[in-house]
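Reminder, nothing fancy here: chain letters follow the sequence lines and each chain counts from 1. The shown structure was predicted, so the numbers you read here are calculated from the model rather than taken from an experiment.
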Amino acid sequence: MSEIHITLPDGSVRQYPKGVTAHEIALSISEGLARNIIAAKVNGMVIETGRAITEDSHVSLLKWDDKEGKSTFWHSSAHLLAEALEALYPGVKFGIGPAIDSGFYYDIDFGDYKFTSEDFAKLEAKMLELAKQENAYTRKQVSKAEALEYFTQKGDPYKIELINELNDGEITFYHQGNFTDLCRGPHLPHTGYIKAVKILSLAGAYWRGDEKNKQLTRIYGITFPKKSELDAHMQMLEEAKKRDHRLLGKELEIFAFDDDVGPGLPLWLPKGAAIIELLEAFAKKTEKEAGYMRVKSPHIAKESMYIKSGHLPYYADSMFPPMELDGINYYLKAMNCPHHHKIFAATPKSHRDLPVRYAEYGTCYRYEQSGELFGLMRVRSLQMNDAHIYCTKAQFESEFKAVNALYLKYFKVFGIDKYVMRFSKHDPKKLGQKYINSPELWKETEEMVRNVLIKSGIPYIEVEDEAAFYGPKIDIQIWSAIGREFTLATNQVDFAQAERFDLYFINEKSEKERPLILHRAPLSTHERFIGFLLEHYAGKFPLWLNPEQVMILPISEKYQEYSEKVLNILKNHDIRALIDDRSEKTGKKIRDAELKRVPLMLILGEKEQSDNTVTVRKQGGEDLGSMTVEAFAAYVNSEIEKQLN
RNA sequence: GCCGUUGUAGCUCAGGGGUAGAGCACUUCCUUGGUAAGGAAGAGGUCAAGGGUUCAAAUCCCUUCAAUGGCUCCA
């Protein structure tokens, strides 16, 4: 029998007989490891622990803690879910059932049966019962004809549709217990690994994601190798729910919606408006330092402008319907770009003027579909941290880089570290439809963007077919507390609109030349950004951004006058403070200030009044002791200084 | 927009074919207190809106609106 060489992740090379399995390799290291491995990555491909390895390979043994280990675990769990469903509801039809970031789902056609959350317990019990049987997941290569025959006999039209798109020779079935599924694998050794099961939710999902297709029932679930891990996960979900910006926004009186105002049209309450103004002041200062000029534009414009800009054919559906005045259609603006381009065109430009950077917190209106609205994250009226930069090709790189630097500066101030930078490119097949038909410019600008990204060393991912119609872009992706993904900020290249708006500058040779345009919105919209920050800070806005920085708590009414004196001094130092003058005990006032997430509390009683001091309690309980009001004001301002730099 | 779920006081929720309930919040009074809930009283609701069934509807049915979990979408 011939031997093969197996290279492990630590670089060590071991010899095994040809046909060795990952399980046997693990066993040769330790029994404990053999018990814990879920799958194996062999030369980059994840396979079962029981599959024969027939050539020299790089092997890493995947455990639950590995991302691919989890995904294998959950993929197998989806099959277990399917087996349980088939046992409980014979005749159901199966769509697809993949693993996702946390857990898995399976799309099911229940026919006439109406599956509801009341069925969850029964389903979980059945899954656990089947899991205990420790049924092995077995892999079988089948011919296309065999595969079609099996599912035709079973009467599963969705699987047949999938098989028809596969090539003969690369079709495999996986089987466990009484269930067989079309599947690429890999899977767990047996169902016994699954010790804890939770069915999470139910949703409609179009077959193959196409809204023209039938809607199937999607069942989301999650499983774990230990019950304790499931409990921890459920607790984590509970905690995440408490951070949901929709709850916090109501609780902290930041924003509200009203039926008479309309869906997706947030009302900013005084505290929310205060945060907006603080953010704006910060952005304006930063942008001024970065050489931006502020402009202002109206909220509506004539149809002709959106025809010219090219937006209308692409986005008419997501704009509010036009209003007609004197036979002319006017639209609420859904983007600020065209207005800014008109501002650029309003005065002649020389190459000496470039780059020109126009910034505006512009209010836009987008008619998002009703089902897409989501708290502050998807709304119909939005105030965008917008700016457009008009530059020469030679200036592009430094401008693009400067914009990226601005992002990173902001992210540092806000402590944003969990994000993905996504470089969105066009799809050459869709030129002239989804994208402006200028193949050369696409190539050129995408290359420029990639170069800047590489040179600045920022980690990023590239995705096809996600660009704006006028050029490639970089999006910053973030996740809401409940795990939904959003684009927070965007930085886009535009080589199309200068042409459409006949924008030009006079170059050194006295010729007209088109500028390149950058669109950027690092602080997103007020709506999405504050929604994000509510969750990011769990409602505890940092001192500089908190609408209520200090709560003054007189121990009794006797100290009301002294409290007002302190309040006035703080006001003179531009510190935002309030007095809680209710006739409640200090413990109660502290509790309420904590619930309002006020960062600093001043406790004023006999001692403070006679010494002319304040006693400082930080949010969360830290005691900073007593100090003069002046010293406290200096402390607040130095903290703010630290937070902003 | 599509499928599912939900809608009762400012908030969180209970109830449920026979005239509406709790806790917190709010108002007033008592209390004047030192680091996460002092006490009492009071006020507050066309039970989302419209229609239907019924002697009687907040409750059952239908429609609409809104929220919500997903899907699709996201300049």
Side-chain angles (χ1 to χ4, degrees), chain A residues 105 107 114-118 200-220 244 246-247 250-251 253 256-264 306 309-312 314-319 333-338 364 366-375 377-379 382 384 386 424 434 466-471 473 475 482 484-487 490 492 494 497 519 521 528 553-560 582-595 601-608 615-624 626:
Chain A
Y105 67 79
D107 284 345
K114 212 169 143 204
F115 186 82
T116 71
S117 52
E118 309 204 334
L200 294 168
S201 63
L202 213 52
Y206 301 106
W207 168 235
R208 319 208 78 174
D210 187 334
E211 59 184 322
K212 287 180 208 83
N213 284 340
K214 176 161 181 178
Q215 207 158 29
L216 306 179
T217 304
R218 177 167 296 179
I219 301 176
Y220 285 89
D244 191 317
R246 292 168 297 182
L247 279 181
K250 192 182 270 183
E251 197 181 322
E253 302 178 356
F257 288 98
D258 184 279
D259 280 1
D260 282 326
V261 178
Y306 296 109
S309 73
H311 283 99
L312 209 53
Y314 291 96
Y315 304 115
D317 284 351
S318 42
M319 289 174 80
K333 69 174 169 186
M335 66 295 291
N336 301 301
C337 339
C364 299
R366 295 179 181 179
Y367 191 76
E368 305 286 3
Q369 289 185 53
S370 58
E372 294 162 349
L373 300 174
F374 177 71
M377 304 302 256
R378 277 296 280 282
V379 288
L382 38 120
M384 206 189 300
D386 213 353
S424 302
K434 193 173 167 187
E466 292 275 337
F469 74 85
Y470 44 64
K473 62 175 181 174
D475 287 334
I482 58 168
R484 209 178 291 192
E485 184 178 351
F486 288 94
T487 297
T490 177
Q492 311 174 351
D494 178 349
Q497 290 200 63
H519 303 235
R528 191 170 284 184
L553 311 177
I555 299 265
S556 88
E557 279 157 28
K558 281 185 275 181
Y559 313 108
Q560 177 67 16
R582 295 173 303 164
S583 65
E584 293 289 351
K585 289 190 173 175
T586 311
K588 169 75 166 166
K589 291 185 183 184
I590 287 174
R591 177 183 153 80
D592 287 346
E594 284 286 349
L595 291 176
M601 292 158 229
L602 298 183
I603 294 151
L604 305 185
E606 184 55 42
K607 185 170 121 352
E608 289 77 12
T615 296
V616 187
R617 181 196 203 271
K618 268 177 99 169
Q619 182 183 57
E622 194 188 338
D623 185 359
L624 297 186
S626 296

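- Separation of the P atoms belonging to A56(B) and C13(B) is 34 Å when rounded to the nearest angstrom.
- Closest to the side chain of Arg246(A), from the set C3(B), U72(B), U68(B), is U68(B).
- You won't find any donor-acceptor pair under 3.5 Å spanning the side chain of Glu368(A) and the base of C74(B), going by distance alone.
- If Thr487(A) and Ser626(A) are placed on RNA chain B by their nearest nucleotide, the residue sitting closer to the 5' end is Ser626(A).
- Within 4.0 Å of Thr490(A), counting heavy atoms only, lies no atom of the nucleic acid at all.
- Mapping Ser318(A) and Leu595(A) onto RNA chain B by nearest heavy atom places Leu595(A) at the nucleotide closer to the 5' end.
- Comparing A9(B) with G21(B), their C1' atoms are spaced 10 Å from each other, to the whole Å.
- By the 30° and 60° cut-offs, the orientation of the rings of His311(A) relative to Phe469(A) is perpendicular.
- Remark: Lys588(A) is not in phosphate contact with C24(B), judged by side-chain N or O atoms under 4.0 Å from OP1 or OP2.
- In this structure, Tyr220(A) forms no aromatic stack with the base of G70(B), since the conditions of centre separation below 5.5 Å and plane angle below 30° are not both met.
- Side-chain atoms of Glu608(A) and base atoms of G34(B) include a donor and an acceptor less than 3.5 Å apart.
- If you check G1(B), G34(B), A75(B) against the side chain of Glu372(A), the one that comes closest is G1(B).
- The distance between atom CG of Asp259(A) and atom C1' of U64(B), rounded to the nearest whole Å, is 12 Å.
- Proximity note for Ile603(A) (side chain, C-beta onward) versus A75(B), C3(B), U35(B): the nearest is U35(B).
- For the P atoms, the distance from C24(B) to G39(B) is 9 Å, rounded to whole Å.
- Closest of all the heavy-atom pairs between Gln560(A) and Pro554(A) is OE1-CG, 4.2 Å.
- As rounded to whole Å, 14 Å separates atom P of G1(B) from atom CD of Gln215(A).
- Annotation: U32(B) and G42(B) have their C1' atoms spaced 23 Å apart (nearest Å).
- Separating the CG atom of Leu604(A) from the C1' atom of G33(B) is a distance of 14 Å, rounded to the nearest angstrom.
- Counting only heavy atoms from C-beta on, Glu557(A) has its side chain closest to U32(B) among A36(B), U32(B), C71(B).
- Separating the C1' atom of G18(B) from that of C60(B) is a span of 15 Å, rounded to the nearest Å.
- The nucleotide C24(B) finds its pairing partner in G10(B), both defining distances of the Watson-Crick or G-U wobble pair being shorter than 3.5 Å.
- With hydrogens and angles left out, the side chain of Tyr559(A) and the base of G34(B) share no donor-acceptor pair within 3.5 Å.
- The listed nucleotides are G34(B), U32(B), G69(B); the one nearest the side chain of Phe374(A) is G69(B).
- Here G38(B) is the nucleotide among G38(B), C73(B), G34(B) with the atom lying nearest to any side-chain atom of Glu584(A).
- Remark: the separation of the P atoms in G10(B) and U5(B) is 28 Å, to the nearest Å.
- The P atoms of C26(B) and C3(B) are separated by 44 Å, rounded to the nearest whole Å.
- In plain terms, the two heavy atoms of Lys473(A) and Glu466(A) that are nearest each other are CE-O, 3.1 Å.
- Heavy atoms of Gly605(A) sit under 4.0 angstrom from at least one base atom.
- The separation between Lys585(A) atom NZ and A37(B) atom P is 10 Å, rounded to whole Å.
- Contact of the Tyr315(A) side chain with the Tyr306(A) side chain is not registered, since no non-hydrogen atoms from C-beta on lie closer than 4.5 Å.
- Minimum atom distance to the side chain of Ser556(A) is reached by G33(B), of the listed G33(B), G70(B), G34(B).
- In this structure, G17(B) makes no Watson-Crick or G-U wobble pair, since no nucleotide meets both defining distances under 3.5 angstrom.
- For Lys250(A), a side-chain nitrogen or oxygen approaches OP1 or OP2 of U12(B) to under 4.0 Å.
- Going from atom CG of Leu553(A) over to atom C1' of U32(B) covers 15 Å, rounded to whole Å.
- The main-chain N or O of Ser318(A) is never found under 3.5 Å from a side-chain atom of Arg366(A) such that the two would form a donor-acceptor pair.
- Taking each heavy atom of Ala468(A) and Gln492(A) in turn, the nearest pair found is CB-OE1, 4.3 Å.
- Nucleotides C74(B) and U6(B), compared at atom C1', are 26 Å apart to the nearest Å.
- Within the nucleic acid shown, Glu251(A) has no heavy atom closer than 4.0 Å to any nucleic acid atom.
- At a cut-off of 3.5 angstrom, counting only N and O atoms as typed in the model, there is a donor on one side and an acceptor on the other between the side-chain of Ser583(A) and the base of U31(B).
- Look at CH2 on Trp207(A): it is 16 Å from P on C71(B), rounded to the nearest Å.
- At a threshold of 4.5 Å between non-hydrogen side-chain atoms, the residues Arg591(A) and Glu584(A) do not count as touching.
- Minimum atom distance to the side chain of Arg617(A) is reached by A36(B), of the listed G38(B), A36(B), C2(B).
- Comparing C74(B), A75(B), G1(B) against the side chain of Ala468(A) picks out A75(B) as the nearest.
- When both distances must be under 3.5 Å, the Watson-Crick or G-U wobble mate of A37(B) does not exist.
- Distance, Lys558(A) NZ to U31(B) P: 13 Å, rounded to whole Å.
- With distances taken from any side-chain atom of Arg582(A) to the nucleotides A75(B), G33(B), C26(B), the minimum falls on C26(B).
- Atom pair His311(A):NE2 and A75(B):P shows a separation of 10 Å (rounding to whole Å applied).
- Tyr105(A) comes within contact range of no nucleotide atom at all, as no heavy-atom separation falls under 4.0 Å.
- Taking a pair to require two hydrogen-bonding distances under 3.5 Å in either a Watson-Crick or a G-U wobble arrangement, C71(B) pairs with G1(B).
- Listed pair Lys589(A) / A36(B) fails the phosphate criterion, with no side-chain N or O lying under 4.0 Å from OP1 or OP2.
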